[in-house]
Structures are given as structure tokens and as C-alpha cells.
Enquirer: 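Right, I'll just put the structure down here and ask away after.
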Amino acid sequence: MSALPADFYARPVVEVARALVGCVLRHDGCAGAIVETEAYHDSEAACHAHVGLTARTRILFGPPARAYVYRSYGIHALFNAVCEDEGVGAAVLIRALEPLEGLDGMRARRGLERREDLCSGPGKLTQALGIELELNGSDLVRGPISIEPPRADWPPSELIEGPRIGITKAAELPWRFCAAGFRSVSKPWPPGLRDTVAPRALS
DNA sequence: CATGGGATTGACT
DNA sequence: GTCAATCCCATGC
């Protein structure tokens, strides 16, 4: 399966955040279906790009379809897909995956066994897939990280929206999007994730 | 150049 | 429920 084209990312970031749920994130022999995203835009204070153009935010303000990877709390690498036109600072944070391929590699890198613990958080999935800071600015169309359209067996799944997690500024915006029924969504789960659809997993 | 704050996680009470 | 780990980077002196 080939990567999503750059045009996919060159539109309003909230629209891309919704569309990325169900798509497949792939790196270094490992892949997972995206089950949770968040949108960030320079117009609101929770976005790193809100401070304007700096050394850190130049990737966010650059062309779409690039990786924005940064260090969080000194420990974790968080992966985002840069969106909208060049000159706009916007990105989608990938917060959780349903593991699909390379689970043994994920287990080795995470030091854990349980499938639902491998990629159930933004710092966990980068560790599982081996995504580090050196991939900041890399091209999502050419690789080495790629995002592909949903697999044929991806189930039609309700999208649950809610406020973003772990932020203090602009916390009221409902820019978190989760696929209903997947246990790999990070905690806390939004209301309805457990109830709407029975928990399930892809093979 | 010093400081402080995170888009988190896992271990522990 | 609480809390520490640990580092990049924006800000201010």
C-alpha cells in the first residue's frame, strides 16, 4: 500500500485529524492503525506554533506531509503530521495505534507483552515503532515514516470527539478524535468509547 | 547564560 | 490517588 499524498495534509487540520483515524502508520517493519488523534493549530495557545516562528516551530510552519517529532518531559518522543499550507503552523498528534504488523519488534522495543499496552499512548507508539527525534522534518510521502489509507478490513467505526488530553491552555476545544471500541485508545477514555461499540481488535 | 515548563509514562501509596 | 524522571527549547536577565 502506498503512502497518502501530500495533498491529503494540505487542508484544515481538524479535517485531517478526523481523516487520519483508521489510516496506517508505518516505520521500520512495524505498523498500526491510527485509533486516536488530536489537532493543533497556531491560532490556539496549546499549539507549539502559537509562539510564532522559532527554531523549534519551523517544521510546523513548513510544507505539509512532514513529520514533527519533539521530546516531551525529557523522556518521550511525540509524533505529529504537519498539515495545512506552508506558513500555517498546524499538525495532527498521533496518540494511539491498534498494532497490526511487527508486533514482536514492538514488544522488544517496549519491553512489554500485552497488545493493548504497545501503542496506547503518544509516547508508547513512538517507542514501539522506533520513531526518534532524528526523524523530525522527514518526508511522510517518501519515508522512512509513512501513513497509508485504511486497510480493506478496517471496520466502519464511529468517531468519538472530546477535549484534548494533558494540556492546560485551550483545553476546551473538542479536537481529540477516537475510534469507538478500540482498547488501544489512551486513557482517560472519552465517554462512549467503551459503550458504543464492543471492544475489538484487528487481526 | 540560568531558569522553568511541558501535547507522558510507569512505579508506588 | 501522588510523584519523579529528564531534556529541549523559549524566555528573560
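The chains referred to below are lettered A, B, ... by the order of the sequence lines, with proteins before strands, and numbering in each begins at 1. Because only heavy atoms are used, hydrogens play no part in the values below, and waters and symmetry mates are left out as well, while side chains stay in.
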Enquirer: Give one of base, sugar-phosphate or nothing for A:Arg110, where a contact means two heavy atoms less than 4.0 Å apart.
Expert: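 It contacts sugar-phosphate atoms only.
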Enquirer: So what does the secondary structure string of DNA chain C come out as, 5' to 3', with Watson-Crick or wobble pairs under 3.5 angstrom, [ ] for crossing and | for pairs with another strand?
Expert: |||||.||||||.
Enquirer: Counting just side-chain N and O atoms, does A:Lys124 come under 4.0 Å of either OP1 or OP2 of B:dG10?
Expert: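 Indeed, a polar side-chain atom of A:Lys124 lies that close.
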Enquirer: Are A:Leu173 and A:Val14 in one and the same hydrophobic cluster, where Ile, Leu, Val, Met, Phe, Trp and Tyr link if side-chain heavy atoms are under 4.5 Å apart?
Expert: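 Shared cluster, yes.
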Enquirer: Would you say A:Thr54 places a side-chain N or O within less than 4.0 Å of OP1 or OP2 belonging to C:dA10?
Expert: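 It does, given that an N or O in the side chain of A:Thr54 lies less than 4.0 Å from OP1 or OP2 of C:dA10.
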Enquirer: Give the rounded distance in Å between these two atoms: CD1 of A:Ile75 and P of B:dG5.
Expert: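 Those two atoms, CD1 and P, are 17 Å apart.
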Enquirer: Is NZ or CZ of A:Arg11 both nearer than 6.0 Å to the six-membered ring centre of A:Phe8 and within 45° of the ring axis?
Expert: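 The answer is yes; both the distance and angle limits are met.
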Enquirer: Hey, which sits more toward the 5' end of DNA chain B by its nearest nucleotide, A:Lys187 or A:Thr168?
Expert: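 Taking each residue's closest nucleotide, the earlier one in sequence belongs to A:Thr168.
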Enquirer: A:Ala55 has a side chain; which of B:dA7, C:dA10, C:dC7 sits nearest to it?
Expert: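 It is C:dA10.
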Enquirer: Going by the angle between their ring planes, with limits at 30° and 60°, are A:Trp154 and A:Phe182 parallel, tilted or perpendicular?
Expert: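 Parallel: the ring planes of A:Trp154 and A:Phe182 meet at under 30°.
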Enquirer: Does OP1 or OP2 of B:dT8 have a side-chain N or O of A:Arg95 closer than 4.0 Å?
Expert: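 Checking B:dT8 against A:Arg95, a side-chain N or O does come within under 4.0 Å of OP1 or OP2.
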Enquirer: Decide salt bridge (Lys or Arg N to Asp or Glu O under 4.0 Å) for A:Arg115 and A:Glu98; before the verdict, give the C-alpha distance in whole Å, the side-chain angles of both, and the deciding distance to 0.1 Å.
Expert: CA-CA 8 Å; A:Arg115 180 193 183 98; A:Glu98 184 69 25; 3.4 Å; yes
Enquirer: Could you check which of C:dT11, B:dT8, B:dG6 has an atom nearest any side-chain atom of A:Val51?
Expert: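 Minimum distance to the A:Val51 side chain belongs to C:dT11.
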Enquirer: Between A:Leu53 (CG) and C:dA10 (C1'), how many Å, whole number?
Expert: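 From A:Leu53 CG to C:dA10 C1': 13 Å.
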Enquirer: Under a single-linkage definition using a 4.5 Å side-chain heavy-atom cutoff for Ile, Leu, Val, Met, Phe, Trp and Tyr, are A:Val185 and A:Leu93 assigned to the same hydrophobic cluster?
Expert: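 No, it is not one cluster - the side chains of A:Val185 and A:Leu93 are not joined through contacts under 4.5 Å.
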Enquirer: Please answer whether C:dA5 and A:Tyr73 are stacked, defined here as ring centres separated by less than 5.5 Å and planes angled under 30°.
Expert: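 Aromatic stack with C:dA5 absent for A:Tyr73.
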Enquirer: Taking atom P of B:dA7 as reference, at what distance in whole Å does atom OH of A:Tyr70 sit?
Expert: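 Distance check: A:Tyr70 OH to B:dA7 P gives 5 Å.
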Enquirer: Give the rounded distance in Å between these two atoms: NE2 of A:His76 and P of C:dC8.
Expert: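 A:His76 atom NE2 is separated from C:dC8 atom P by 14 Å.
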Enquirer: To the nearest Å, give me how far apart CZ (A:Arg164) and P (B:dT8) are.
Expert: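 So the CZ-P distance, A:Arg164 to B:dT8, works out to 11 Å.
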Enquirer: Output the rounded distance in Å from CG (A:Leu112) to P (B:dT9).
Expert: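 These atoms are roughly 12 Å apart.
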Enquirer: I'd like to know if A:Arg142 pairs up with A:Asp139 as an ion pair, taking the criterion as any Lys NZ or Arg NE/NH1/NH2 lying under 4.0 Å from an Asp or Glu carboxylate oxygen.
Expert: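 Looking at A:Arg142 and A:Asp139, the cut-off is not met.
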Enquirer: Do A:Gln127 and A:Arg110 have side-chain atoms, one donor and one acceptor, less than 3.5 Å apart?
Expert: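 Per modelled atom types, A:Gln127 and A:Arg110 side chains form a pair under 3.5 Å.
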Enquirer: Quick one: label A:Ile167 by what it contacts on the DNA or RNA (base, sugar-phosphate, nothing), any heavy atom closer than 4.0 Å.
Expert: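 The answer is sugar-phosphate, as A:Ile167 gets under 4.0 Å only of primed atoms, P, OP1 or OP2.
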Enquirer: Can you check the A:Glu116 CD to B:dT9 C1' distance for me, whole Å?
Expert: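 The answer, rounded to whole Å, is 17 Å.
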Enquirer: CG of A:Leu60 versus C1' of C:dA10: gap in Å, rounded?
Expert: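 Going from CG in A:Leu60 over to C1' in C:dA10 covers 14 Å.
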